[in-house]
Amino acid sequence: MAGADMDPEVALGLFEEGATLVLLGVPEGTELGIDYKSWQVGPRFRGVKMIPPGIHFLYYSSVSSRSSGGEIGPRKGLFLSLKPRELILAHWDIKEEDLDFSASENLEEVSRVKAGLCELDSYLGPYPYETLRKWVSLTDKLNQEVAAALQPLSGRVCAFSDVVPELQLTHTKDRVEQNLPRNDTQCQTMKEGLDRLPRMKQREGTELRFSQIPKQMYPAGATPAQITQCSMDLSYALSCLLENYHKEHPLNVLGELQFAFVCFLIGNVYEAFEHWKSLLTLLCKSEEAMKERKDLYLGLITVLYHQLGEIPPDFFVDIVSQNNFLTSTLQDFFQFAGGPGVDKALRKRAEKFKAHLTKKFRWDFDVDLDDCAPVVVELPEGVTLD
């Protein structure tokens, strides 16, 4: 875990004020990382020192023995908010193949470890300071409150969902009671075979607690014209989401966007990527909100600038349709940002961002949108939509 050379004053500051993670018993060969860098744990590893205070993402993957093939297990991780000079203590749980942080609540044990830090120092790897700037750029809108609210109740962000059957159908009689076909008869069709498979759900407490994108994008009692308008301009749905989840601090939605991106990029959680796309679509297609929430959209441009620097340009292309999700979404954003009523500073920032993306990724945002614009249809008198 050798770190890059750093300024002696910075090193001294981190040594005196930085937090420490003491992680005892982590098996040799385990893949472990913090923020934007990971390593394979060696035999002398006991933790990480000189960690800058703030939000961090600790993650790890257990590795089977060499005789068993040395296979790497799914990644687990958790967000930590570390204070200056704080010491977090954890022991490796062999049975669960996970870190157990309960020792951090034992003040006597923590005090004992703190007293022996000098002897432990040579077993602690320094925080990878060379990656700090990039990490901060990806999480500068994410605070402790947002991270705690979004992280699963289990305390772990897992690459693979922990799923359990919706119904416990252990015996044939259990299936009969649910009007399901018996398992001791031969399937006649593929559909019948699939229907016999148990329906699974995510284990309670393990799901990421993202804000819910409104399913109804228009207000109750809306006319057909209003419904069409709300499908073109998602400002109503965005205002509902902000009211329900980020009422006191609307800019925290940018922290949620960063949380989802980190969970996908570093935590390998596909569900987080899907939420990132949905949230980004909602923000980029909200024309009226862009006029009313200048600070939110100036922040969005900054967030996207750093996020898109971490992903290959062809990543968002649908392998079936060859449509690029991001270019079509940002096309709406740039069109709205250039419209009347938008703050001059926001319009100028959006133009620079558009030019940057066009130059870097060679994306074309100037394709005519008229061909795919929805048409407002007035229904005959007396006809309503459910």
What's the separation between atom [atom1] in [X] and atom [atom2] in [Y], rounded to the nearest 0.5 Å?
X: Cys284; Y: Leu234; atom1: SG; atom2: CG; value: 10.0 Å
X: Met290; Y: Tyr297; atom1: CE; atom2: OH; value: 5.0 Å
X: Phe101; Y: His91; atom1: CZ; atom2: NE2; value: 11.0 Å
X: Asp343; Y: Lys294; atom1: CG; atom2: NZ; value: 4.5 Å
X: Tyr218; Y: Ser231; atom1: OH; atom2: OG; value: 10.5 Å
X: Leu153; Y: Arg209; atom1: CG; atom2: CZ; value: 4.0 Å

Nearest heavy atoms of [X] and [Y], plus distance in Å:
X: Tyr59; Y: Ile266; value: CE2-CG2, 3.4 Å
X: Leu21; Y: Leu124; value: O-CD2, 4.3 Å
X: Ala272; Y: Ala260; value: CB-O, 3.3 Å

Would you tell me whether [X] and [Y] have side-chain atoms, one donor and one acceptor, within less than 3.5 Å of each other?
X: Gln307; Y: Trp276; result: yes
X: Glu288; Y: Ser235; result: no
X: Gln258; Y: His306; result: no

Hey, do the aromatic rings of [X] and [Y] have their centres closer than 6.0 Å?
X: His356; Y: Tyr305; answer: yes
X: Tyr36; Y: Trp135; answer: no
X: Tyr127; Y: His56; answer: yes
X: Phe259; Y: Phe261; answer: no

- Could you please spell out the steps behind the side chain to side chain contact (heavy atoms under 4.5 Å, CB included) verdict for Leu241 and Leu279? CA-CA 10 Å; Leu241 182 141; Leu279 198 55; 4.1 Å; yes
[Y] backbone acceptor or donor facing [X] side chain under 3.5 Å:
X: Arg347; Y: Val342; answer: yes
X: Thr329; Y: Phe325; answer: yes
X: Thr327; Y: Trp363; answer: no
X: Arg46; Y: Asp121; answer: no
X: Thr223; Y: Gln226; answer: yes
X: Asp35; Y: Leu132; answer: no
X: Glu109; Y: Ser104; answer: no
X: Asn244; Y: Cys240; answer: yes
X: Gln335; Y: Asp332; answer: no

* Hey, mind stepping through Glu256 and His246 against side chain to side chain donor-acceptor pair (under 3.5 Å) and telling me if it holds? -> CA-CA 10 Å; Glu256 181 172 351; His246 302 292; 2.8 Å; yes
Taking the side chain as every heavy atom from C-beta outward, state whether [X] and [Y] have any pair of such atoms under 4.5 Å apart.
X: Ser81; Y: Ile55; value: yes
X: Leu346; Y: Ile301; value: yes
X: Leu257; Y: Leu300; value: yes
X: Asp364; Y: Thr358; value: no
X: Thr139; Y: Phe79; value: no

Does this structure show an ion pair linking [X] with [Y], if we count only N-O contacts that are shorter than 4.0 Å?
X: Arg85; Y: Glu16; answer: no
X: Lys354; Y: Asp366; answer: yes
X: Glu310; Y: Lys134; answer: yes
X: Lys76; Y: Glu97; answer: no

Please indicate whether Glu274 has more than 12 foreign heavy atoms, meaning atoms of other residues, nucleotides or ligands, lying under 6.0 Å from its CD.
yes
Set out, in order, the CA-CA distance, both residues' side-chain angles and the distance that settles side chain to side chain contact (heavy atoms under 4.5 Å, CB included) for Phe333 and Leu283, then state yes or no. CA-CA 8 Å; Phe333 173 77; Leu283 287 163; over 6 Å; no
The side-chain hydrogen bond (donor to acceptor under 3.5 Å, both in side chains) partners of Glu292 (sequence neighbours excluded) come to none
Per salt bridge (Lys or Arg N to Asp or Glu O under 4.0 Å), Arg156 is matched among Asp100, Asp98, Asp93 by Asp98
### Query
Would Tyr236 and Phe336 show up in the same hydrophobic cluster when neighbours are defined by side-chain heavy atoms closer than 4.5 Å?
no
| When you look at Ser211 and His275, which way does the side chain to side chain contact (heavy atoms under 4.5 Å, CB included) test go after all the steps? | CA-CA 9 Å; Ser211 57; His275 183 72; 4.1 Å; yes
